[in-house]
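In each ligand, atom 1 is the first atom listed, and ligand 1 is the first ligand listed. Just so it is clear, the structure is predicted and the values come from calculations on it, not from any experiment.
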Amino acid sequence: TLYTFVNQDTCIACGACGANAPDIFNYNEMGVAYNLLDNNQGTLNIPKALHDDLEDAYEGCPTESIKLSKIPFNSRYINS
Ligand code: F3S
């Protein structure tokens with residue numbers, strides 16, 4: 001499983017993630033990216049077919065704003 005969201009506080013709206021993974025990332029009116037699959041909640045498992053794109057976006061973000069996790073972000077700290 002793989003979950004993702006964009007830290008919109010550090011995204012500089014460079015546009016690389018949407019180019020690398022157009023089925024995952026879109027931009028708001030300010031050009032700041034978000035995960036379009038779950039409204040940037042990081043709670044929807046990214047389909048396997050999109051994992052290569054996601055990896056490219058993750059590695060290509062100049063500000064490390066794309067966060068990845070094997071568990072949903074809303075349960076990230078449960079039982080920790
Ligand atoms: Fe922002 Fe990084 Fe995408 S800076 S637009 S999250 S590549």
Side-chain angles (χ1 to χ4, degrees):
T1 59
L2 198 53
Y3 301 84
T4 186
F5 78 102
V6 176
N7 180 347
Q8 298 190 312
D9 292 332
T10 58
C11 171
I12 56 170
C14 80
C17 55
N20 281 318
D23 295 325
I24 302 172
F25 299 106
N26 200 353
Y27 310 105
N28 68 18
E29 69 280 359
M30 304 290 290
V32 173
Y34 64 94
N35 174 355
L36 64 89
L37 296 172
D38 63 13
N39 198 27
N40 210 42
Q41 298 305 295
T43 54
L44 186 120
N45 185 27
I46 304 298
K48 228 184 182 79
L50 298 178
H51 284 194
D52 283 351
D53 283 0
L54 179 53
E55 182 95 342
D56 289 345
Y58 174 77
E59 290 176 357
C61 178
T63 59
E64 299 182 357
S65 297
I66 296 173
K67 305 305 178 187
L68 298 182
S69 174
K70 291 186 184 306
I71 60 172
F73 280 94
N74 63 339
S75 62
R76 190 172 183 78
Y77 300 108
I78 294 175
N79 297 323
S80 66

At less than 2.8 Å, how many protein N/O/S atoms surround atom 3 (Fe) of ligand 1? Leave waters out.
1
Expected output: side-chain Asn28 to main-chain Met30 donor-acceptor under 3.5 Å:
yes
Heavy-atom check, side chain of Tyr34 versus side chain of Asn26, under 4.5 Å
yes
Would you compute the distance between atom CG of Asn39 and atom CG of Leu37 and round it to the nearest 0.5 angstrom?
10.5 Å
Approximate separation, where rounding is to 0.5 Å, of Phe5 CZ and Asp38 CG
10.5 Å
Are more than 12 heavy atoms from other residues, nucleotides or ligands located less than 6.0 Å from atom OH of Tyr27?
yes
Other residues, nucleotides and ligands only: do more than 12 of their heavy atoms fall within 6.0 Å of CD on Glu64?
no
